Amino acid sequence: MLVKFLKYEARREDIPVLSIVDFVHRTPMAVMPMGAMAELDCSCVTFKIMESGVVE
């Protein structure tokens, strides 16, 4: 739904959207830290969390 909105309503196909990802209440569970810097690289089709999600 978000992808369709960006493409047809906002006419913004330049905004990358991470979709079809199992996380939170799925098995296996992936944890994504809130507020951590992340990188979405569309040319390499990768998603990388750049910072630790734990503050020491």
Side-chain angles (χ1 to χ4, degrees):
M1 182 174 256
L2 175 61
V3 174
K4 286 183 181 180
F5 169 79
L6 289 172
K7 183 174 183 176
Y8 299 112
E9 299 295 326
R11 304 209 190 309
R12 293 293 309 268
E13 292 185 73
D14 59 316
I15 300 173
V17 176
L18 181 65
S19 63
I20 311 172
V21 178
D22 286 339
F23 63 96
V24 186
H25 298 287
R26 303 290 297 224
T27 302
M29 189 179 303
V31 178
M32 294 203 283
M34 292 179 62
M37 181 66 68
E39 175 183 81
L40 182 58
D41 187 337
C42 296
S43 60
C44 294
V45 191
T46 58
F47 173 76
K48 184 180 352 179
I49 298 173
M50 308 297 289
E51 304 178 317
S52 173
V54 178
V55 178
E56 294 182 27

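Just so you know, these numbers use all the heavy atoms, side chains as well, and skip hydrogens, waters and symmetry mates. Please read all numbers here as calculations on a predicted model, not as lab measurements.
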Can you list the other members of the hydrophobic cluster that holds L2, where links are side-chain heavy atoms under 4.5 angstrom apart?
->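 L2 clusters with V3, F5, L6, I15, V17.
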
Can you pull the side-chain hydrogen bond (donor to acceptor under 3.5 Å, both in side chains) pairs that have at least one residue in residues 37-52, sequence neighbours excluded?
->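 Listed by first then second residue: D41-S43.
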
Report the residues that fulfil salt bridge (Lys or Arg N to Asp or Glu O under 4.0 Å) with R11, sequence neighbours left out, ordered by chain and then residue number.
->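 Result, salt bridge (Lys or Arg N to Asp or Glu O under 4.0 Å) vs R11: none returned.
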
